[in-house]
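Here's the structure we're looking at; comments come further down.
What you see is a predicted model; the values in this text were computed from it and never measured. Numbering starts at 1 and runs along the sequence shown.
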Amino acid sequence: MNGIKYAVFTDKSIRLLGKNQYTFNVESGSIRTEIKHWVELFFGVKVIAINSHRLPIKGRRVRPGHIMHYRRMIITLQPGYSIPPLRKKRT
């Protein structure tokens, strides 16, 4: 999956799991329809909504031309669909 970097597990994202909403960090150049296509293809689910936002830069000075390399997308699935938990590979 080219656009999706990783799933996010924060207090808010865990709370959203109860509403069938999943949170991912994606590449900053990715568009919503591209991410929707990847999620539906990879996980075999139906997406009904995608919300996205860029995270603020914390604790450092922003240089001119500094660009965030990712943004966060909250993906809402149709009722009855869910994404199975992902496991890390052991090395």
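- At least one donor-acceptor pair closer than 3.5 Å links the side chain of Asn20 to the backbone N or O of Tyr81.
- Ile75 and Leu16 end up in different hydrophobic clusters when Ile, Leu, Val, Met, Phe, Trp and Tyr side chains are linked at under 4.5 Å.
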*What's the verdict on side chain to side chain contact (heavy atoms under 4.5 Å, CB included) for Ile83 and Phe24, showing C-alpha distance, side-chain angles and the deciding distance?*
CA-CA 12 Å; Ile83 294 177; Phe24 295 96; 4.1 Å; yes
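- Within the 4.5 Å cutoff, the side chain of Val26 has heavy atoms near those of the Arg71 side chain.
- In terms of hydrophobic clustering, with Ile, Leu, Val, Met, Phe, Trp and Tyr side chains grouped at heavy-atom distances under 4.5 Å, Ile48 and Ile50 are assigned to different clusters.
- Distance NZ/Lys36 to CD1/Ile31: 12.0 Å, rounded to 0.5 Å.
- The two residues Ser30 and Met73 make their nearest non-hydrogen contact at O-CE, 4.4 Å.
- Residues Val39 and Leu17 share a hydrophobic cluster, clusters being chains of Ile/Leu/Val/Met/Phe/Trp/Tyr side chains in contact below 4.5 Å.
- When all heavy atoms of Arg32 and Asn51 are compared, the pair lying nearest together is NH1-CA, 4.3 Å.
- Remark: Thr76 OG1 to Lys19 NZ distance equals 9.5 Å, nearest 0.5 Å.
- Looking at Thr23 and Thr10, their side chains never come closer than 4.5 Å, going by heavy atoms from C-beta outward.
- Residues Val47 and Leu77 are in side-chain contact: their nearest non-hydrogen atoms beyond the backbone lie under 4.5 Å apart.
- Within a 6.0 Å sphere centred on CZ of Phe9, other residues, nucleotides and ligands contribute 12 heavy atoms or fewer.
- For the pair Val45/Tyr22, no side-chain contact is recorded, criterion being any heavy-atom separation below 4.5 Å from C-beta on.
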